[in-house]
Amino acid sequence: MILSIESSCDDSAIAITEIETNKLLFHKKISQEIEHSVYGGVVPELAARLHAEALPKILEQVEEYFPKLKAVAVTSTPGLAVTLVEGVTMAKAVAVALNIPIIGVNHLIGHIYSLFIEKETQFPLTCLLVSGGHTQVMEVKSLTEIETVAKSMDDSFGESFDKVAKMMHLGYPGGPAIQELAYGGDRLKHNFTVPLHQSPLIAFSYSGLKNAVRLAILEEEKQEEPNFQDIAASFEHIATKHLTMKLKKYFKTVRPNTFAIVGGASANLYLRSQIEELLKPYKAELILSELQYCSDNAAMIGRVGVDMYKQGIFSSLEELDIAPRSLL
Ligand code: KG4
Ligand code: ZN
């Protein structure tokens, strides 16, 4: 079995995965959404402190599996340095105590593997990752052959939802709050410009849209009873249209066969429906992770861990050292 740990942002999670069957034997996640909500975003130092409290509590619950562990997998990059270090330190302690190897897992590969929890992998695929930290399209041939073909030049898709939600005083995380508010709103009421619509680049950008939305919010706030529903609906529409327009451009050169959407924001129902529409003419298969595994979790890290273990890819303890940025 593999023990896996995730602490790259604001979710503390631990899983146990059976190597031979990919079966998820245990998974527990403690989210910090409520604690960060008052600040309208993740406060790294607070997140680190909460991981330090939560991770040992979850680890206690899996002690019965310790004799059967073959390796420890842990998210080692990318993420917040102060929170990654919490998971990595725990992983090192378990690895040393049980004398088993450690596997440093890339969080983005983790999101790709959220598609394969308790399943066999299905490659090749074209994958759109939409999370709080990333917006990127990847061609995935295997665990070790992943090419990023498009990415955001500034804010990410999920981050733009978080920032717009903050401006509307909806708390954190913004994605689910905006999705709920947008439901039933007039998506065409505010004619925000689709980012990079005249650019030949296959890339993403959300900072301009965020500013246009900010101005619409300021205008609406002049009303006696401001109502942000149509702004939320129009924002969600344009943020999504930007993705589908760029994907359509990309598909002119690389026809999709199997297409996947992963990451926290892949839970967005409007995005899912628009991508489904986009794929229809190509008769491409759309694969999605279960809703519970879209956002950060340790099951996806464990699933990558299983494949890395089978391929003999391990890390040294030193490789996983996380230095403060000022020392790098
Ligand atoms: O993958 P994830 O849990 O963490 C990162 O790796 O960043 O993604 C979290 C992001 C947040 O920005 C959150 O607002 C966004 O995913 N998100 C959504 C939705 N649910 C979560 N964005 C849009 N619509 C949603 N329904
Ligand atoms: Zn993530």
Side-chain angles (χ1 to χ4, degrees), residues 4-13 29-34 36-37 39-42 44 47 51 74-80 83-84 87 105-115 117 127-136 138 151-152 154-168 170-183 185 187 204 206 209-210 213 232-233 235-243 260-275 288-304:
S4 56
I5 305 173
E6 158 64 36
S7 70
S8 67
C9 190
D10 60 338
D11 294 294
S12 316
K29 163 163 131 172
I30 298 178
S31 296
Q32 309 171 354
E33 289 173 357
I34 296 167
H36 295 293
S37 191
Y39 304 102
V42 176
H51 283 303
V74 61
T75 302
S76 56
T77 191
L80 299 170
T83 64
L84 284 169
V105 175
N106 180 297
H107 182 78
L108 308 187
I109 301 179
H111 275 301
I112 298 171
Y113 269 73
S114 66
L115 299 162
I117 290 165
C127 184
L128 170 67
L129 166 67
V130 270
S131 67
H134 295 82
T135 305
Q136 60 189 52
M138 294 168 283
K151 59 183 180 183
S152 179
D154 41 59
D155 292 354
S156 75
F157 181 81
E159 188 181 4
S160 71
F161 278 70
D162 294 334
K163 289 184 175 167
V164 167
K166 189 175 179 182
M167 293 188 255
M168 293 180 178
L170 296 176
Y172 173 85
I178 294 282
Q179 170 171 296
E180 200 184 319
L181 180 63
Y183 187 76
R187 299 197 183 277
F204 307 107
Y206 282 97
L209 175 61
K210 175 188 67 190
V213 172
F235 160 69
E236 189 177 47
H237 172 61
I238 297 299
T240 304
K241 192 166 176 186
H242 174 34
L243 286 178
I261 327 174
V262 298
S266 70
N268 186 281
L269 298 176
Y270 186 65
L271 169 67
R272 286 180 170 209
S273 70
Q274 296 303 297
I275 299 266
L288 299 159
S289 23
E290 274 179 48
L291 276 178
Q292 58 174 326
Y293 301 125
C294 289
S295 57
D296 292 348
N297 64 83
M300 66 188 195
I301 303 304
R303 184 63 189 82
V304 181

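In listed order, ligands and their atoms are each counted from 1.
Atom 13 (C) of ligand 1 has Asp162 OD1, 3.7 Å as its closest protein atom, hydrogens excluded (heavy atom only). Closest to atom 26 (N) of ligand 1 among all protein heavy atoms lies Gln179 OE1, 3.2 Å. The protein heavy-atom contact nearest to atom 1 (O) of ligand 1 is Gly264 N, 2.9 Å. Considering only non-hydrogen protein atoms, atom 7 (O) of ligand 1 sits nearest to Gly132 N, 2.8 Å. Nearest protein neighbour of atom 3 (O) of ligand 1, counting heavy atoms only, is Asp296 N, 3.0 Å. Nearest non-hydrogen protein atom to atom 25 (C) of ligand 1 is Gly175 C, 3.6 Å.
Residue Gly174 has at least one heavy-atom neighbour below 4.0 Å for each of these atoms of ligand 1: 14 (O). For ligand 1, the atoms closer than 4.0 angstrom to any heavy atom of His107 are 6 (O). For ligand 1, the atoms sitting less than 4.0 Å from at least one non-hydrogen atom of His111 are 1 (O), 6 (O), numbered in the order shown with element in parentheses. Every atom of ligand 1 with a heavy atom of Gly133 under 4.0 Å away is listed here by number and element: 7 (O). Atoms of ligand 1 found under 4.0 Å from any heavy atom of Phe161 (numbered from 1 in listed order, with element): 23 (C). Ligand 1 places these atoms under 4.0 Å from at least one heavy atom of Ser295: 3 (O).
Atom OG1 of Thr83 sits about 8.0 Å away from atom CD of Gln32, to the nearest 0.5 Å. In this structure, His134 NE2 and Leu128 CG are separated by 13.0 Å, a value rounded to the nearest 0.5 Å. The line from CD1 of Ile109 to CD1 of Ile301 is 9.5 Å long, rounded to the nearest 0.5 Å. Rounded to the nearest 0.5 angstrom, Ser156 OG and Asp162 CG are separated by 7.5 Å. In this structure, NE2 on His111 lies 8.0 Å from OG on Ser295, to the nearest 0.5 angstrom.
For Glu236, the closest heavy-atom approach to ligand 1 does not fall below 4.0 Å.
Looking at Gly158 next to ligand 1, an N or O pair under 3.5 Å apart turns up.
Relative to the six-membered ring of Tyr293, Arg303 misses at least one condition, a distance below 6.0 Å or an angle of at most 45° to the axis.
When non-hydrogen atoms are compared, ligand 1 lies under 4.0 Å from neither the backbone nor the side chain of His134. With a 4.0 Å heavy-atom cut-off, ligand 1 is reached by the backbone of Asn268 and by its side chain too.
Not a single N, O or S atom of His134, from either the backbone or the side chain, sits less than 2.8 Å from the Zn ion (ligand 2). Coordination check, His107 versus the Zn ion (ligand 2): passed, since an N/O/S atom of the residue sits under 2.8 Å.
Ring centroids of Phe157 and His242 are separated by 6.0 Å or more, keeping the two rings apart. Aromatic ring centres of Phe235 and Phe161: separated by under 6.0 Å.
No hydrogens or angles considered: a donor-acceptor pair under 3.5 Å links the side chains of His107 and Glu6.
Across every non-hydrogen atom of Leu291 and Arg272, the tightest pair is CD2-NH2, 3.8 Å.
The atom of Asp296 nearest to the Zn ion (ligand 2) is OD1, with the search restricted to N, O or S atoms.
Side-chain contact between Glu159 and Thr135 is absent, with no heavy-atom pair separated by less than 4.5 Å. At least one side-chain heavy atom of Asn106 sits under 4.5 Å from a side-chain heavy atom of Thr77.
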